[in-house]
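Data first, discussion second: the structure below is written as structure tokens.
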Protein chains: 2
Amino acid sequence: MPTSHSLYEVFLRVARLASFTAAASSLGYTQSAVSRQIQTLEDEWGTPLFDRLPRGVRLTEAGRILLPHAEAVGERLRTARAELDALRTLGAGRLRIGAISTVDAALLPRALAAFRARHPGVAVTRTEGPSAKHLALLAAGDLDVAVVADTSAEPPGGCTPHHLLDERMYVALPSGHRLAGRTDVRLAELADEEWIAADTRPEETLMHSALAGGFRPRTGFVAADWIAKQGFVAAGLGVTLVPALAASSTRADLALVPLHPDDTPRRRVYAATPRGIAPSPAALAFLALLKEAAAGLAS
Amino acid sequence: MPTSHSLYEVFLRVARLASFTAAASSLGYTQSAVSRQIQTLEDEWGTPLFDRLPRGVRLTEAGRILLPHAEAVGERLRTARAELDALRTLGAGRLRIGAISTVDAALLPRALAAFRARHPGVAVTRTEGPSAKHLALLAAGDLDVAVVADTSAEPPGGCTPHHLLDERMYVALPSGHRLAGRTDVRLAELADEEWIAADTRPEETLMHSALAGGFRPRTGFVAADWIAKQGFVAAGLGVTLVPALAASSTRADLALVPLHPDDTPRRRVYAATPRGIAPSPAALAFLALLKEAAAGLAS
DNA sequence: GCCGACCCATGCGACAAGCGAATGTCTAGC
DNA sequence: GCTAGACATTCGCTTGTCGCATGGGTCGGC
């Protein structure tokens, strides 16, 4: 409720105390102020609300009709205040998260578990998909937080990035591959391989950061799904890139060889929030937990 | 609803139109006024309610929470307005009537019937009893209209009188009484009779206006109820006064002889309303119907 | 790539509303 | 009749609110 009492609060107090003077001192006003506030209210409603008696006031018929409505209004505003307080203290509200699938291995579940434990009142929804789609949803206001990686060189237009971690990249090879035992590998050594990628255009895939070095992969099969990619590689149909976050959840019959650090920059994984508008309390809290989880994974 | 739009109406309009500028022109304000009104509201609630976008505004989480409450408040006030309008046009409200029993013969029923026919929405309650009791109820605010007669000399303190009619008085005699056939009768001729009255003190009874002439009645049996009085008179136990309004509902074995006009002033029957406070619309309408009914009876 | 259109925020001056203090008016009770 | 209590009213003054004009920012067209 507003700190300066509304006309209806004054009305309710006067009705309860049956006196302008008592209501005034009870609300910290002078009697003349209350007198004029009630008069204002009576002008607004076009009818007297109180009978003025020599020993105080009494509700008129019209005032008696208005009374329950004024009480209901006050009650409504009090309820709204309570709900907004709950929102502020993360006892209520909603949080719409979008994330790319590779962060689902450990980063996102960890942050989500912590968030739900601390703020069970917040309704969390989560969507999965590529980075570009989530950034678009974010800009349209249909998402509160997006956890994405810079796959293409696009800067986060319309979004504020919050860096989480840089992850190195691995190459997934069939277990019998000639390079399977290496401690690291250069892209040049893989120039003859066929690559399993999510898109025919390498700019749209995990390869994009490698393109700067002049490397042009030969795209073989196209598979967006993670399981499918692994299947193709295991069957000896090609090789593919694996970000570090997904390394722990690769099938056992694949060999993961780290890419040489000079060949490709680490992939930046970050959370994005809409730019220009203040993140909700829930989004801020979730961001903090994400950074915590990222720090835990990096160590 | 107030003619100057409340902050909540502005809030609702902005939420609906998703634009300060559109809401402003829609409400007859300038954009800056709406901007600052929303800002005031946000200060009051301690949280932003709208995200400012380049192409308008959008509700924040907090605004989305507040929205249904603001709508409910507006709806409540609209309902209250409708009910007060109904009260003004006599489509609702209540009317508490008090009346002495003699007006129940014709005056009150006639007015009541007309009132209920015209204003069926008004809840009418009615109490019966002596004039003094009703005037007290009126002053205490427990009655809207009292239909009374000036039995004792008391002036209507704290009440505004509305004259209805002056009625002449009759003497009720046993049918075999020596004066039963007269066209009128003087009090002096009844000096030896025993009087049936509502009280041992003649000042409190119908006799009071006759006391001014020096007449001192001999009070016999005391009976407040009208049926009882008639019974005593019919049994030859005394005589009693009958006001004109009750004349038509006397039992057939009594003789009614008009009192000589010089002996007693006509009894004033009037409706009283609380003094100093405005009568409700229902009370005013009922007063008018009472006067109509009184005029009809007088003719 | 620059410019104009659109939208919201803000500074400014003017006006009106709201406040407190003091005074007036009415009623009840002694 | 006079005092006490309660609401109405008057008077200055503070405060808030409005309209107008301006500034900052983004989006779309040339």
Side-chain angles (χ1 to χ4, degrees), chain A residues 2-11 13-15 17-44 48-60 63 136 139-141 155-160 274-278, chain B residues 2-7 9-11 13-15 17-44 48-60 63 136 138-141 155-160 274-278:
Chain A
T3 88
S4 76
H5 307 99
S6 82
L7 291 182
Y8 293 100
E9 294 177 73
V10 175
F11 170 74
R13 194 64 65 99
V14 171
L17 298 177
S19 156
F20 284 9
T21 306
S25 71
S26 150
L27 291 168
Y29 281 128
T30 58
Q31 172 263 329
S32 78
V34 170
S35 173
R36 265 169 307 179
Q37 295 209 30
I38 295 299
Q39 204 164 19
T40 300
L41 213 50
E42 290 176 330
D43 289 345
E44 279 181 0
L49 300 174
F50 292 96
D51 287 323
R52 273 69 167 177
L53 309 177
R55 275 290 191 262
V57 297
R58 189 179 47 210
L59 282 171
T60 61
C159 303
T160 323
R275 186 153 55 105
I277 76 178
Chain B
T3 87
S4 78
H5 307 99
S6 82
L7 290 182
E9 294 178 73
V10 175
F11 170 75
R13 193 64 66 98
V14 170
L17 298 177
S19 157
F20 285 10
T21 307
S25 70
S26 149
L27 291 169
Y29 283 127
T30 58
Q31 172 264 327
S32 77
V34 171
S35 172
R36 265 170 304 196
Q37 295 209 29
I38 296 298
Q39 205 164 19
T40 301
L41 213 50
E42 290 176 330
D43 289 345
E44 278 181 1
L49 299 174
F50 292 98
D51 286 324
R52 272 69 168 179
L53 309 176
R55 272 291 191 262
V57 296
R58 190 179 47 212
L59 281 171
T60 61
L138 206 62
C159 304
T160 323
R275 185 152 56 105
I277 76 177

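Here is the naming used below: chain letters follow the sequence lines, and residue numbers restart at 1 for every chain.
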With sequence neighbours excluded, residues passing salt bridge (Lys or Arg N to Asp or Glu O under 4.0 Å) with Arg13(A): none
By ring-ring contact (aromatic ring centres under 6.0 Å, His included) - contacts of Phe20(A) (at least two apart): none
Whole-Å gap separating C1' (dG25(D)) and CG (Asp51(B)): 16 Å
Arg52(A) vs Ile38(A) side-chain heavy atoms within contact, under 4.5 Å: yes
Base versus backbone protein contacts along nucleotides 3-20 of chain D [heavy-atom cut-off under 4.0 Å; B, S, -]: --SSBBB-B------BBB
Distance (rounded to the nearest 0.5 Å) between Arg55(A) CZ and Ser19(A) OG: 11.0 Å
Arg36(A) side chain to Thr40(A) side chain, donor-acceptor N/O pair below 3.5 angstrom: no
